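A short worksheet on the structure shown next.
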Amino acid sequence: MSNPSLDLGSLLPIDPDWFLNPDPVRLAHDLIGQFLISDKDGQQTGGRIVETEAYKAPEDKACHAHLNRYTKRTSVMFEAGGRTYVYLCYGIHHLLNIVTGPQGAAHAILIRAIEPIWGLERQSERRSGRPRREWTNGPGKLTKALGITKADNNRPINQKSSSIHLFRSPQSNPKVQSAPRIGIDYAEECIHWPWRFLDADSRFVSAPAP
DNA sequence: ATAATGATTCGCT
DNA sequence: GCGAATCATTATG
């Protein structure tokens, strides 16, 4: 890695208490510019988070745990913040969420896009040699590039044994935009809530702000 | 037991 | 821009 500030060994993990904050909208904003790493088979792939969305039960109709609906699938969202929520979407795509908030609050942050930084060759392989810009500019794309599957569901973040790690960016000052969330047309009044966050200067987002 | 439905992506027109 | 792909989850009977 030519940029020494991006040396994985020197990065600091996000503090465990950060995940317990009760406001997932705030956390989704603050996650822009931080680093996501997947560690599979001793191989690290990851990058800089450039797009997120907040989901917040009970009031959010777009949240799987709307009205605190508790099922086998949603149960992980009720855990204390700091775990993963990975689920299969449209029968094809695995989507990665970060569970946040205190135990009992079903909050999560969907990771929608990253800028690839680490393990570029492996990411390219997993994305079938497409252009780099298309490796991770969407929630289903980035899980494929990082090898994230349902095996990574309901697992702690930043533990020694973890496959998913989140690090603080040493000097992160991104210009963060907010926008309505994508793909939730069924969610009635929640459709317009500006709970999607993007790095305005990144070319690796899934779609520009409207 | 059956049926409906996605927090999407890709290829084709 | 449109439609297919593809299946775990969920609700309902």
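Reminder, nothing fancy here: chain letters follow the sequence lines and each chain counts from 1. Remember, predicted model here, so these are calculated numbers, not experimental data.
Residue-level contact check: A:R127 touches the backbone only, with heavy atoms under 4.0 Å from sugar-phosphate atoms and none from bases. At a threshold of 4.0 angstrom between heavy atoms, the contacts of A:I184 are confined to the sugar-phosphate backbone, with no base atom among them. Among the heavy atoms of the strands lying under 4.0 Å from A:R73 are primed sugar atoms or P, OP1, OP2 only; no base atom is included. Using a 4.0 Å heavy-atom distance criterion, A:K141 is classed as a sugar-phosphate-only contact.
Separating the CD1 atom of A:I148 from the C1' atom of B:dT9 is a distance of 17 Å, rounded to the nearest angstrom. Distance NE2 (A:H93) to P (C:dT9): 17 Å, rounded to an integer number of Å. As rounded to whole Å, 13 Å separates atom C1' of C:dT10 from atom NZ of A:K72. A straight line from CZ of A:R112 to C1' of B:dA7 spans 7 Å, rounded to a whole angstrom. Following rounding to the nearest Å, A:Y70 (OH) and C:dA11 (P) show an atom-to-atom distance of 14 Å. The separation between A:Y55 atom OH and B:dA7 atom P is 7 Å, rounded to whole Å. Distance NE2 (A:H94) to P (C:dT9): 11 Å, rounded to an integer number of Å. Atom NZ of A:K150 is separated from atom P of C:dA8 by 8 Å (rounded to the nearest Å).
For A:C89, taking side-chain heavy atoms from C-beta onward, the closest of the listed nucleotides C:dT6, B:dA7, C:dC7 is B:dA7. Closest approach to the A:M77 side chain among B:dG6, B:dA7, C:dA8 is made by B:dA7 (side chain taken as heavy atoms from C-beta onward). In this structure, the nucleotide among C:dA5, C:dC7, C:dA11 sitting nearest to the side chain of A:R69 is C:dA11. Checked against C:dA5, B:dT8, B:dA7, the side chain of A:H64 finds its nearest nucleotide in B:dA7.
A:S206 contributes atom OG, which lies 7.5 Å from atom CD of A:E53 (distance to the nearest 0.5 angstrom). Atoms CG and CZ, from A:L120 and A:R127 in turn, are 14.0 Å apart once rounded to the nearest 0.5 Å. For the atom pair OH of A:Y87 and CG of A:L96, the computed distance is 10.5 Å after rounding to the nearest 0.5 Å. Distance CZ/A:F78 to OG1/A:T71: 8.0 Å, rounded to 0.5 Å.
Contact annotation: A:T71 does not reach the phosphate of C:dT9 (side-chain N/O to OP1 or OP2, under 4.0 Å). Look at A:R196 and you won't find any side-chain N or O under 4.0 angstrom from OP1 or OP2 of B:dA7.
By the criterion of side-chain heavy atoms lying less than 4.5 angstrom apart, applied directly or through intervening Ile, Leu, Val, Met, Phe, Trp or Tyr residues, A:L166 is grouped together with A:I148 in one hydrophobic cluster.
Nucleotide B:dT2: paired with C:dA11 (Watson-Crick or G-U wobble, both distances less than 3.5 Å).
Of the residues near DNA chain B, A:L110 and A:R130, the one whose nearest nucleotide (by heavy atom distance) lies more toward the 5' end is A:L110.
No side-chain donor-acceptor contact under 3.5 Å links A:S172 to the backbone of A:Q34.
Centre separation under 5.5 Å together with a plane angle under 30° does not hold for the ring of A:Y186 and the six-membered base ring of B:dG6, so they are not marked as stacked.
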